[in-house]
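Have a look at the structure below before the remarks.
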Amino acid sequence: MPDSNEDDFTALLAEHGPSLRKVTLTYGVSAEDREDLHQEILVQLWRSFASHDRTRPFATWMYRVALNVAISHVRRVVRGRRIFTAVEPPLDPLDPRTNEVPTTEGPTAERLSILQRLMAGLDEWDRALLLLHLEERSYREIADVLGLSESNVGTRLSRLRQRLRDLTDKEMKR
């Protein structure tokens, strides 16, 4: 008979699974790397589930654990193999909304490809900030996950958006 912790954990993962997949899409290089990272995140979430404060939102705790695992993964595995540089796109880029390789051509596919290349060039913390922003998390939630103040989140996001606009303009002119 499964215990209630296992049931709670399974239910919460079912609810927040798509957000968790976006973390793996953002930090993984290849399909295999993303799957390894996803498994690593799940293991760490389960190991630390007992420490989750049930009075606080699960999503905030989940993102904090997942992003810490993902950032450690990038530092350990990806940089160690020197597969990933700021100018190389992911090996098989996926649309983070559908978790599939985009099949459309034209401006939407081009913008998605540019965004993925730009995100790959960001440091791990800016990538986390952008991911949480694209997930439409509030400044308070982002601050809780990343251990920043809300005003710092706003400032960093503003600078990051401007930097991405400038880089996107350069990419589009190519």
Side-chain angles (χ1 to χ4, degrees), residues 4-29 34 37-75 78 86 90 93-100 102 107-108 111-169 171:
S4 69
N5 259 357
E6 189 176 329
D7 292 341
D8 291 347
F9 183 74
T10 303
L12 288 166
L13 278 183
E15 180 182 346
H16 297 282
S19 296
L20 196 56
R21 277 288 176 193
K22 289 178 185 173
V23 172
T24 61
L25 285 171
T26 301
Y27 288 91
V29 177
R34 285 190 290 272
L37 177 57
H38 187 73
Q39 292 301 316
E40 197 176 328
I41 290 170
L42 290 175
V43 166
Q44 189 56 44
L45 285 170
W46 174 246
R47 283 183 181 156
S48 55
F49 187 62
S51 69
H52 171 245
D53 178 358
R54 304 297 199 274
T55 64
R56 304 206 38 137
F58 176 79
T60 301
W61 174 83
M62 178 197 72
Y63 270 120
R64 180 171 281 181
V65 171
L67 289 169
N68 282 330
V69 170
I71 289 167
S72 294
H73 174 81
V74 167
R75 288 179 179 156
V78 177
L94 299 178
D95 182 335
R97 294 166 296 178
T98 63
N99 198 20
E100 297 174 359
T108 302
R111 281 191 214 116
L112 179 60
S113 176
I114 290 170
L115 177 62
Q116 288 172 326
R117 282 197 311 274
L118 294 177
M119 283 183 78
L122 296 175
D123 69 43
E124 294 88 0
W125 293 105
D126 281 345
R127 220 180 305 171
L129 181 65
L130 183 58
L131 173 67
L132 293 166
H133 176 65
L134 291 173
E135 279 280 301
E136 299 179 351
R137 299 293 171 180
S138 69
Y139 282 16
R140 177 177 295 278
E141 288 173 299
I142 295 171
D144 285 347
V145 170
L146 298 179
L148 303 170
S149 68
E150 286 182 59
S151 62
N152 195 300
V153 167
T155 300
R156 285 178 175 220
L157 269 175
S158 178
R159 290 177 183 160
L160 183 56
R161 282 191 297 258
Q162 185 57 54
R163 192 167 85 209
L164 289 173
R165 272 188 221 101
D166 295 344
L167 290 170
T168 302
D169 289 345
E171 284 284 326

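Computed from a predicted model, the values in this text were never measured in an experiment.
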OG1 of Thr60 to CE of Met62, rounded to nearest 0.5 Å, is 9.0 Å
Can you check whether Thr155's main-chain N or O pairs, donor with acceptor, with Ser158's side chain at less than 3.5 Å?
no
Sub-4.5 Å side-chain heavy-atom contact between Leu122 and Leu160:
yes
Side chain of Arg127, backbone of Met119: donor and acceptor closer than 3.5 Å?
yes
Between the CG atom in Leu167 and the CD atom in Gln162, the distance rounded to the nearest 0.5 Å is 10.0 Å
Arg54: which residues meet the side chain to side chain donor-acceptor pair (under 3.5 Å) condition with it, sequence neighbours left out?
Asn5
Decide yes or no for Leu67 and Leu146: does some side-chain heavy atom of the first lie under 4.5 Å from some side-chain heavy atom of the second?
yes
Can a donor-acceptor pair be found between the side chains of Tyr63 and Glu141 at a distance below 3.5 Å?
no
Rounded to the nearest 0.5 Å, how far apart are CD of Glu40 and NE2 of His73?
6.5 Å
Ser149: partners by side chain to side chain donor-acceptor pair (under 3.5 Å), with sequence neighbours left out:
Ser151
Test side chain to side chain contact (heavy atoms under 4.5 Å, CB included) applied to Leu132 and Val153, step by step
CA-CA 11 Å; Leu132 293 166; Val153 167; over 6 Å; no
Using the test ring-ring contact (aromatic ring centres under 6.0 Å, His included), find all partners of Phe49 that sit at least two apart in sequence or belong to another chain.
Phe9
Intermediate values then yes/no, side chain to side chain contact (heavy atoms under 4.5 Å, CB included), Leu20 and Leu42:
CA-CA 9 Å; Leu20 196 56; Leu42 290 175; 3.7 Å; yes
Can you list every salt bridge (Lys or Arg N to Asp or Glu O under 4.0 Å) pair that touches residues 145-165, not counting sequence neighbours?
Asp126-Arg163, Arg140-Glu150
List for me each residue that meets ring-ring contact (aromatic ring centres under 6.0 Å, His included) alongside His52, sequence neighbours excluded, and say none if there are none.
Phe58, Trp61
Stepwise side chain to side chain contact (heavy atoms under 4.5 Å, CB included) check, Arg137 with Ser19
CA-CA 11 Å; Arg137 299 293 171 180; Ser19 296; 3.8 Å; yes
Nearest-0.5 Å distance, CD1 of residue Ile142 to NE2 of residue His133
7.0 Å
Polar side-chain atom of Tyr27 near backbone of Ser72 as donor-acceptor pair, under 3.5 Å
no
In terms of heavy-atom contacts, Ser48 and Val65 come closest through OG-CG2, 4.1 Å
Atom pair CD/OG1 of Glu124 and Thr26 - distance to nearest 0.5 Å:
12.5 Å
Can you name the residues that form a side chain to side chain donor-acceptor pair (under 3.5 Å) with Thr55, not counting sequence neighbours?
Asp53
Got Leu130 and Leu118 here, is their nearest side-chain heavy-atom distance under 4.5 Å?
no
